[in-house]
Protein chains: 2
Amino acid sequence: MLDHDSSHRHECPVARASEVIGDRWSLLIVRDAFDDIRRFSEFQKSLGVAKNILAARLKALVEVGVFEICPASDGSAYKEYVLTEKGRELFPIVVSLRQWGERFQFAPHETRSVLMDNATGQPVMRMAVQSASGETLGPADCHRIRVTPDDV
Amino acid sequence: MLDHDSSHRHECPVARASEVIGDRWSLLIVRDAFDDIRRFSEFQKSLGVAKNILAARLKALVEVGVFEICPASDGSAYKEYVLTEKGRELFPIVVSLRQWGERFQFAPHETRSVLMDNATGQPVMRMAVQSASGETLGPADCHRIRVTPDDV
DNA sequence: CCGTATCCATTCCGATACTG
DNA sequence: CAGTATCGGAATGGATACGG
């Protein structure tokens with residue numbers, strides 16, 4: 001083992017994000033939450049995942065602050081899992097994943113689910129990395145630097 | 001098993017994308033590729049991953065068309081792993097992951113790596129889901145529909 | 001230097017049964 | 001309905017040794 005990262009942890013935010021939501025189910029749970037799924041059984045039905053795994057994932061996602069547990073919105077005695085702000089801010093990740101999957105993992109004729117803007121009925125724009133002035137940036141237009149924000 | 005999805009596969013592009021790049025290493029490999037890493041040993045050093053699993057990942061990523069193998073750019077006899085267009089188009093996913101990780105998985109003072117625009121030296125813009133007219137959309141502003149593109 | 005082959009530990013996952 | 005407990009199998013990951 002190179003122990004390259006275990007004590008001081010990763011400096012790369014990509015790695016840290018992957019640690020939290022990089023398993024096979026978390027983002028699919030979040031995706032369903034974006035469709036207003038809130039109840040255990042609804043997640044279970046939508047995902048077709050074993051209940052114990054779902055329970056473990058939801059618990060983990062609550063622990064890291066992606067979901068919070070709320071009393072049911074209707075009168076029923078059960079809890080609901082609702083996204084926190086941290087969870088809602090996963091939206092760009094899920095949408096960029098979706099758009100990539102749509103472009104590259106579907107044959108042209110295959111039926112798929114696409115994301116539409118409620119207001120216009122149009123599909124949402126393709127996501128892109130942009131410069132401060134709004135131009136689209138590719139990988140070659142960027143570089144990473146190390147920063148320690150001591151500058152308050 | 002609910003066999004909810006195994007024969008006709010997932011209609012959700014998020015799920016399809018996750019199947020391909022949703023493991024613990026793939027996106028980190030791609031991230032390094034965005035930093036112009038191309039050689040086996042460079043990936044290995046950067047990631048601190050065992051050689052066998054790196055080899056397996058790279059092979060899988062070549063098979064799904066994210067990387068392609070090229071002769072070395074310098075004279076050396078070895079191959080290089082370079083991103084295809086499909087691979088380069090993972091850029092928005094990696095960047096949105098990065099930005100989320102940066103916001104929510106770092107304490108304010110922790111040193112991190114951030115992505116800068118070469119041209120301006122400024123950090124890149126925060127990614128957002130946008131309507132066709134350019135407004136930022138949240139989860140509640142969107143809905144998914146099923147589409148079968150028979151309309152040529 | 002670039003991998004492959006082998007072996008082992010751990011983690012993940014699914015099915016089932018069970019509790020409140 | 002909403003989970004928990006348990007168990008076995010599969011996948012994943014790491015260390016090491018080896019071959020081109």
Side-chain angles (χ1 to χ4, degrees), chain A residues 1-7 9-10 15 18-30 32-33 36-64 67-82, chain B residues 1-7 9-10 15 18-33 37-64 67-82:
Chain A
M1 226 284 249
L2 283 190
D3 189 34
H4 157 74
D5 265 337
S6 38
S7 52
R9 295 187 66 217
H10 305 278
S18 297
E19 280 174 13
V20 180
I21 50 153
D23 70 282
R24 186 132 89 263
W25 292 110
S26 294
L27 282 179
L28 298 178
I29 294 173
V30 171
D32 281 350
D36 298 316
I37 287 185
R38 298 175 175 199
R39 304 274 274 250
F40 189 91
S41 63
E42 293 178 311
F43 284 113
Q44 214 248 331
K45 190 170 88 169
S46 165
L47 295 167
V49 61
K51 286 185 291 183
N52 53 355
I53 302 181
L54 177 59
R57 282 296 145 220
L58 284 172
K59 183 183 217 173
L61 289 169
V62 168
E63 269 160 17
V64 298
F67 281 97
E68 60 189 344
I69 297 182
C70 296
S73 44
D74 57 9
S76 64
Y78 299 111
K79 13 181 193 170
E80 297 187 346
Y81 296 87
V82 341
Chain B
M1 227 287 248
L2 284 190
D3 188 35
H4 159 72
D5 267 338
S6 38
S7 52
R9 295 186 67 217
H10 306 279
S18 297
E19 279 173 15
V20 180
I21 49 153
D23 71 282
R24 184 128 88 265
W25 291 111
S26 294
L27 283 178
L28 298 178
I29 293 172
V30 171
R31 172 206 63 182
D32 281 350
I37 287 186
R38 298 177 174 197
R39 304 273 275 249
F40 189 92
S41 63
E42 294 178 311
F43 285 113
Q44 215 247 331
K45 190 170 91 169
S46 166
L47 295 166
V49 61
K51 286 185 290 183
N52 54 352
I53 118 158
L54 177 59
R57 280 298 147 221
L58 284 172
K59 183 182 216 175
L61 288 169
V62 168
E63 268 160 17
V64 298
F67 281 96
E68 59 189 345
I69 297 182
C70 297
S73 43
D74 58 9
S76 65
Y78 300 111
K79 15 183 189 168
E80 298 187 346
Y81 296 87
V82 342

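Here is how names work: the chains are called A, B, and so on, in the same order as the sequence lines, proteins then strands, and each is numbered from 1. Fair warning: this is a prediction, and the values are worked out from it, not measured in the lab.
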Provide, to the nearest angstrom, the distance between the [atom1] atom belonging to [X] and the [atom2] atom belonging to [N].
| X | N | atom1 | atom2 | value |
| --- | --- | --- | --- | --- |
| A:Leu54 | C:dC12 | CG | C1' | 15 Å |
| B:Phe67 | C:dG3 | CZ | P | 13 Å |
| B:Arg57 | D:dA11 | CZ | C1' | 10 Å |
| A:Leu28 | C:dC13 | CG | P | 11 Å |
| B:Ile29 | C:dG3 | CD1 | P | 13 Å |
| B:Glu80 | C:dG3 | CD | P | 11 Å |
| B:Gln44 | D:dG14 | CD | C1' | 11 Å |
| A:Ile37 | D:dA2 | CD1 | P | 12 Å |

May I ask you to verify whether the side chain of A:Asn52 and the base of C:dG14 hold a donor-acceptor pair under 3.5 Å?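 Yes, the side chain and the base share a sub-3.5 Å donor-acceptor pair.
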
Picking from [options], which would you name as closest to the side chain of [X]?
| X | options | value |
| --- | --- | --- |
| B:Ala55 | D:dG14, C:dG3, C:dC13 | C:dG3 |
| A:Phe40 | D:dG3, C:dC12, C:dC2 | D:dG3 |
| A:Tyr78 | D:dG13, C:dC13, D:dA2 | D:dA2 |
| B:Ala50 | C:dG3, D:dT4, D:dA15 | D:dA15 |

So, is [X] close to the [N] phosphate, meaning a side-chain N or O under 4.0 Å from OP1 or OP2?
| X | N | result |
| --- | --- | --- |
| A:Lys51 | C:dT16 | no |
| A:Arg24 | D:dA11 | no |
| A:Arg39 | D:dA2 | yes |
| A:Tyr81 | D:dG3 | yes |
| B:Ser41 | C:dC1 | no |

What's the separation between atom CZ in B:Arg57 and atom OG in B:Ser26, rounded to the nearest 0.5 Å? 5.0 Å

Separation of B:Leu58 CG from B:Ile53 CD1 (nearest 0.5 Å):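 Answer rounded to 0.5 Å: 10.0 Å.
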
Between A:Glu42 and B:Ile53, which residue's closest nucleotide on DNA chain D lies nearer the 5′ terminus?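 The 5'-side residue here is A:Glu42.
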
Using heavy-atom distances to pick each residue's nearest nucleotide on DNA chain D, tell me which of B:Asp23 and A:Lys79 is more 5'. A:Lys79

Are more than 12 heavy atoms from other residues, nucleotides or ligands located less than 6.0 Å from atom CZ of B:Arg39?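 Atom CZ in B:Arg39 is crowded, with more than 12 foreign heavy atoms closer than 6.0 Å.
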
Could you tell me whether the side chain of B:Leu47 reaches within less than 4.5 Å of the side chain of B:Asp32, counting heavy atoms only?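 Heavy-atom side-chain distance check passes, below 4.5 Å.
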
Students often get this wrong, so: under 4.0 angstrom with heavy atoms, is A:Phe43 touching a base, only sugar-phosphate, or nothing?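 Nothing: the residue A:Phe43, judged by heavy atoms under 4.0 Å, touches no strand.
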
Decide yes or no on side chain to side chain contact (heavy atoms under 4.5 Å, CB included) for A:Leu61 and A:Tyr81, but give the supporting numbers first. CA-CA 10 Å; A:Leu61 289 169; A:Tyr81 296 87; over 6 Å; no

Is there a donor-acceptor contact under 3.5 Å from the side chain of A:Gln44 to the main chain of A:Val49? yes

